[in-house]
Amino acid sequence: MPPGVAFASGHFTAENIITKTTRSGDLVGVFHDEAAWRALPAGTTIYQVEMLPSPDGEGELFVGTTHLNPGRVGDEFYMTRGHFHQRREQGEVYFGLRGSGLLLLQSEQGEARFEQVSQGSVHIIPGNTAHRLINTGSEVLSALAVWPTIAGHDYASLAQGFALRVFLWEGEIQARGVQYG
Ligand SMILES: O=P(O)(O)OC[C@H]1O[C@](O)(CO)[C@@H](O)[C@@H]1O
Ligand SMILES: [Fe+2]
């Protein structure tokens, strides 16, 4: 039986799934409101990534699902750390499984834009583009991704953060540009 995905839960129906949990304490310097981040127990699960086992090497693909919990740090919605690929030219495809949120995309020149993620949405992340998921809904946001095993992750290039952040302000979802430096 090939692996499957249960649409209701977004979980793989397969054995040998590899799961990586990212907790609040792992996300140092990621959220805007440092005091609110410190107030959150460090063991709070922000997201989990489930991956199918994949062979390594040129031409191979990873398949993984990110399950991003609903919630906020201060006024800012829970989000993944986000990254460029180490191999900058390598792209990725996202597919929305459940919940609702935003995929934040940013070029190397710092131009940022959003795509709405919902059940069934398809997102083509071009090469040279940083990406981060943001859960703006009240349920778990799950999105399946496919990316080359050679892509790797570069987090350091985004140490200053993305150019846009998303907050709940006065009951509305608002994206704000962020001044760095
Ligand atoms: O690596 P981040 O930024 O925590 O994002 C979560 C996951 O998203 C992916 O890009 C898959 O979409 C994985 O490479 C990564 O583990
Ligand atoms: Fe990626």
Side-chain angles (χ1 to χ4, degrees), residues 10 12 17-34 37 40 42 44-69 71 73 76-97 101-117 121-136 141-167 175-181:
F12 285 120
I17 301 298
I18 304 142
T19 302
K20 182 185 171 227
T21 302
T22 299
R23 299 183 172 83
S24 169
D26 300 319
L27 297 173
V28 181
V30 168
F31 292 96
H32 187 67
D33 184 340
E34 201 190 323
W37 173 73
L40 204 63
T44 307
T45 295
I46 307 297
Y47 58 101
Q48 285 194 307
V49 178
E50 289 184 322
M51 284 176 63
L52 298 176
S54 276
D56 219 355
E58 190 84 31
E60 304 293 352
L61 297 170
F62 279 133
V63 180
T65 299
T66 301
H67 301 281
L68 176 58
N69 282 330
V73 176
E76 188 172 20
F77 291 103
Y78 279 6
M79 56 195 181
T80 60
R81 183 187 299 275
H83 56 266
F84 280 103
H85 290 151
Q86 190 72 43
R87 286 275 300 266
R88 281 289 193 282
E89 77 285 4
Q90 299 292 321
E92 186 163 341
V93 172
Y94 271 51
F95 178 72
L97 293 173
L102 298 167
L103 176 61
L104 173 56
L105 300 170
Q106 183 166 312
S107 71
E108 293 217 75
Q109 291 70 41
E111 292 145 1
R113 65 189 173 89
F114 295 108
E115 292 188 3
Q116 295 267 358
V117 183
S121 63
V122 176
H123 309 270
I124 298 169
I125 302 170
N128 307 298
T129 306
H131 39 288
R132 158 180 280 171
L133 267 181
I134 304 167
N135 189 346
T136 55
L141 173 64
S142 298
L144 183 141
V146 180
W147 70 102
T149 61
I150 58 163
H153 295 87
D154 172 8
Y155 299 105
S157 297
L158 285 158
Q160 277 209 302
F162 284 69
L164 291 172
R165 291 180 174 278
V166 185
F167 301 94
R176 293 280 168 100
V178 180
Q179 301 273 315
Y180 293 102

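Note that the numbering runs from 1 along the sequence shown for the chain. From a predicted model like this one, the values you see are computed outputs, not experimental measurements.
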Within a strict 4.5 Å, meaning less than it, do heavy atoms of the [X] and [Y] side chains meet?
X: Phe114; Y: Val166; answer: yes
X: Thr80; Y: Val49; answer: no
X: His131; Y: His83; answer: yes
X: Val117; Y: Leu102; answer: no
X: Leu40; Y: Phe31; answer: no

Point-to-point distance, once rounded to the nearest 0.5 Å, from [atom1] of [X] to [atom2] of [Y]:
X: Arg165; Y: Phe77; atom1: CZ; atom2: CZ; value: 14.0 Å
X: Leu61; Y: Leu52; atom1: CG; atom2: CG; value: 11.5 Å
X: Glu89; Y: Asn128; atom1: CD; atom2: CG; value: 7.5 Å
X: Trp147; Y: Glu60; atom1: CH2; atom2: CD; value: 14.0 Å
X: His123; Y: Glu92; atom1: NE2; atom2: CD; value: 11.5 Å
X: Leu158; Y: Arg132; atom1: CG; atom2: CZ; value: 7.5 Å

Is the backbone of [Y] close enough, under 3.5 Å, to the side chain of [X] for a donor and an acceptor to pair up by distance?
X: Thr65; Y: Glu50; result: no
X: Ser142; Y: His67; result: no
X: Tyr94; Y: Ser121; result: no
X: Asp33; Y: Glu76; result: no
X: Gln106; Y: Ala163; result: yes
X: Arg23; Y: Thr44; result: no
X: Trp37; Y: Ser24; result: yes

Minimum heavy-atom distance between Gly91 and Pro148, given as atom pair plus value: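 Between these two residues, the closest heavy atoms are O-CD, 3.3 Å.
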Minimum heavy-atom separation for Ile17 to Phe12, with atom names? CD1-CB, 3.6 Å
Glu108 atom CD, neighbour heavy-atom count above 12 within 6.0 Å: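 Yes, because the 6.0 Å sphere around CD of Glu108 holds more than 12 heavy atoms from other groups.
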State plainly whether the residues Asp154 and Arg88 are in salt-bridge range, i.e. N to O under 4.0 Å. yes
Go through His32 and Phe167 one step at a time and tell me if the side chain to side chain contact (heavy atoms under 4.5 Å, CB included) criterion holds. CA-CA 10 Å; His32 187 67; Phe167 301 94; 4.2 Å; yes
Ignoring hydrogens and angles, state whether a donor on the side chain of His153 or His85 is under 3.5 Å from an acceptor on the partner side chain. no
Looking at Leu97, Thr22, Leu144, Leu133, which hits side-chain contact (heavy atoms from CB on, under 4.5 Å) with Thr66? Leu133
